[in-house]
Novice: 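The structure follows.
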Amino acid sequence: MADLKKEIENRRTFAIISHPDAGKTTITEKFLLYGGAIQEAGMVKGKKNSRHAVSDWMEIEKQRGISVTSSVLQFRYEGKCINILDTPGHQDFSEDTYRTLMAADSAVMVIDASKGVEAQTRKLFKVCAMRGVPIFTFINKMDREARDPYELLEDIENELGIGTYAVNWPIGSGKRFKGVYDRMDDEVIAFEGADFRHEVKAQRLSIDDPILEGLLPEDQYQTLIDDVELLSGAGDEFDLKAVHEGKLSPVFFGSALTNFGVEPFLKKFLQMTPPPTARTADIGVIDPFDPHFSAFVFKIQANMNKAHRDRIAFMRICSGKFEADMDVKHVQSQRVMRLSQPQQIMANDRKILSEAYAGDIIGVFDPGIFSIGDTLCMPKEQFTYEGIPTFAPEHFARVRQVDTMKRKQFVKGITQIAQEGAIQIFQEIASGMEEVIVGVVGTLQFDVFKYRMENEYNVEIRMENLPYSHIRWIDTPDVDLKKLNLTSDTKKVQDIRGRYLLLFANEWSIRWALEHNEGLELSEFSR
Ligand code: GDP
């Protein structure tokens, strides 16, 4: 029992999010280096060199040099067991990223110091805010000319509507990036020289240490003294509770590439980020320290290994301990089963697990019974975790098979890919599967879909883009579709569960629908 508590307490599960190119991969790699999980830089994602990334496994990723699917990286650091949920940086893969965030206990947001908050960060942030996920900010690339730090903090506060607390403060930027002042330890970490493998050598000095004045150029020394005074006068107390509620983001400055301030960030972050948090089920909150195993599925990935045509369901363990030979219940099907070959997946490396604890992510072979959001628990228990919301697609296309003889494969492929949640499928009201409307969050998903239909299911398809950009589920019970008063460019469809939806070409048509149909209830998410 004591072991269980200790194992769970020591786990930290978080996602790293950023706008593409802000430095997420570089920082992840540095974490893995410090933890001894990899030996050299360039192993995580070789998008700019010939080596394939550890976290890229799909053919299309290799072709395009982007990271499409998310993977999980586990390593130990200072006695803690760390699970990093790597999220695809490409903006078109936001849906997958959104779901991954549901499995994390906190998020690290990497921001480019010369750019501030960017479009993709904003979107991801909305999802974290929706769930009250604690957010830690790492302002990266301080070794380049950066925006004013006060301005950057203001940008985060205004753009994202969250408070900030600068845990450390940069001394200069670009070539004049000399170090950071750690406000919590009240000391200056003055960098002495770059070491691209490990954290850079640094001297730790008290702010009133006379050496400091000699170490910094005069103007930088004066700015630092002024900044420290200004910050301590600002009176914003560090409030860990507010951090855990997702209302206050601790901010760190550094440079992932040159290893400035990354390890100090990791250490502080690990102290502040919570151990596995309790998740809500229909019977109430489930305590992660409850010895009974429970988990929910947050991601399904088919054909990860082309030779085996397998399908893997990724689940986040929410309570207790998982052991390889134990029986568990899949609540949605009420089946008791033994999870087949539970594994930890680090991209192409798969390790069969004998045990795992709350906070961990495991992948299991899915014989086709799991769906995203499903719950697993002990055979004698019965509850379901809160579902994972389906995010509203923003692009739609009509899809047809070219060869009508391949109908079976067409239906199989399109349904399986939809079950994975990579696409959403809709149909004309009361029609068959000859023609399907596919909705995606980002247009690149169309290409991935087409590629996979052709390569994995051997079906050639033709896609015709549709002019819709907004979708709403109709929540009004017993709605009479024929009586709805809608603009001529609004389309009525249904999803695979038979629920009715409306596709709109613009916001204006949504307003029209609401104004001209009394009592009509529309929702952006299907739960
Ligand atoms: P991702 O798309 O967010 O995963 O970004 P990457 O980690 O792939 O980084 C994008 C580019 O920025 C790469 O060329 C990195 O070498 C570079 N980069 C990352 N961190 C830093 C940094 O701290 N300073 C500088 N100058 N470049 C960086």
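Just the heavy atoms: all of them, side chains too, but no hydrogens, waters or symmetry mates, feed the values below. Note that ligands are numbered from 1 as they come in the structure, with each ligand's atoms numbered from 1 the same way. Since we're looking at a predicted model, the values are computed, not measured.
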Novice: Could an N or O of ligand 1 be found under 3.5 Å from any N or O of D21, whether backbone or side chain?
Specialist: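 For ligand 1, there is an N or O atom that lies under 3.5 Å from one belonging to D21.
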Novice: Counting each atom of ligand 1 from 1 as listed, which ones have a heavy atom of R144 under 4.0 Å away?
Specialist: 26 (N), 27 (N)
Novice: Between P20 and ligand 1, does any nitrogen or oxygen pair lie at a separation below 3.5 Å?
Specialist: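 No; every N/O pair is 3.5 Å or more apart.
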Novice: Assign the ring pair F298 / F314 to parallel, tilted or perpendicular, where the plane angle (0 to 90°) is split at 30° and 60°.
Specialist: tilted
Novice: For the aromatic rings, using the six-membered ring if either is Trp, is the centroid distance between F238 and Y165 under 6.0 Å?
Specialist: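 Distance test on ring centres: under 6.0 Å, yes.
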Novice: Can you check whether Y34 and F75 have ring centres sitting under 6.0 Å from each other?
Specialist: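 No, ring centres 6.0 Å or more apart.
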Novice: Show which atoms of ligand 1 fall inside a sub-4.0 Å distance from at least one heavy-atom site of K24.
Specialist: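 Counting from 1, the qualifying ligand atoms are 1 (P), 3 (O), 4 (O), 5 (O), 7 (O).
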Novice: For D105 and T277, does a side-chain donor sit closer than 3.5 Å to a side-chain acceptor?
Specialist: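 The criterion, which ignores hydrogens and geometry beyond distance, is satisfied for T277 and D105.
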Novice: Which atoms of ligand 1 sit under 4.0 Å from any heavy atom of T26?
Specialist: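 Answer, ordered by atom number: 6 (P), 7 (O), 9 (O), 15 (C), 19 (C).
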Novice: At a non-hydrogen distance cut-off of under 4.0 Å, which region of N140 contacts ligand 1 (side chain, backbone, both, or neither)?
Specialist: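 The side chain, only.
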Novice: Mind checking whether F426 and F396 have parallel, tilted or perpendicular rings, split at 30° and 60°?
Specialist: tilted
Novice: G23 to ligand 1: N or O pair under 3.5 Å?
Specialist: yes
Novice: Quick one: sort the H395 and F446 rings into parallel, tilted or perpendicular, breaks at 30° and 60°.
Specialist: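 Geometry flag for F446 against H395: perpendicular rings.
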Novice: Looking at S255, which atoms of ligand 1 are within less than 4.0 Å of one of its heavy atoms?
Specialist: 22 (C), 23 (O), 24 (N)
Novice: For the residue pair F191 and F177, does the interplanar ring angle fall in the parallel (under 30°), tilted (30 to 60°) or perpendicular (over 60°) class?
Specialist: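 The rings of F191 and F177 stand perpendicular, inter-plane angle above 60°.
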Novice: For ligand 1, which atoms have a heavy atom of D143 less than 4.0 angstrom away?
Specialist: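 With D143 as reference, the close atoms of ligand 1 come out as 22 (C), 23 (O), 24 (N), 25 (C), 26 (N).
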Novice: Which atoms of ligand 1 have any heavy atom of S18 under 4.0 Å away?
Specialist: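 Going through ligand 1 atom by atom, the ones under 4.0 Å from S18 are 3 (O).
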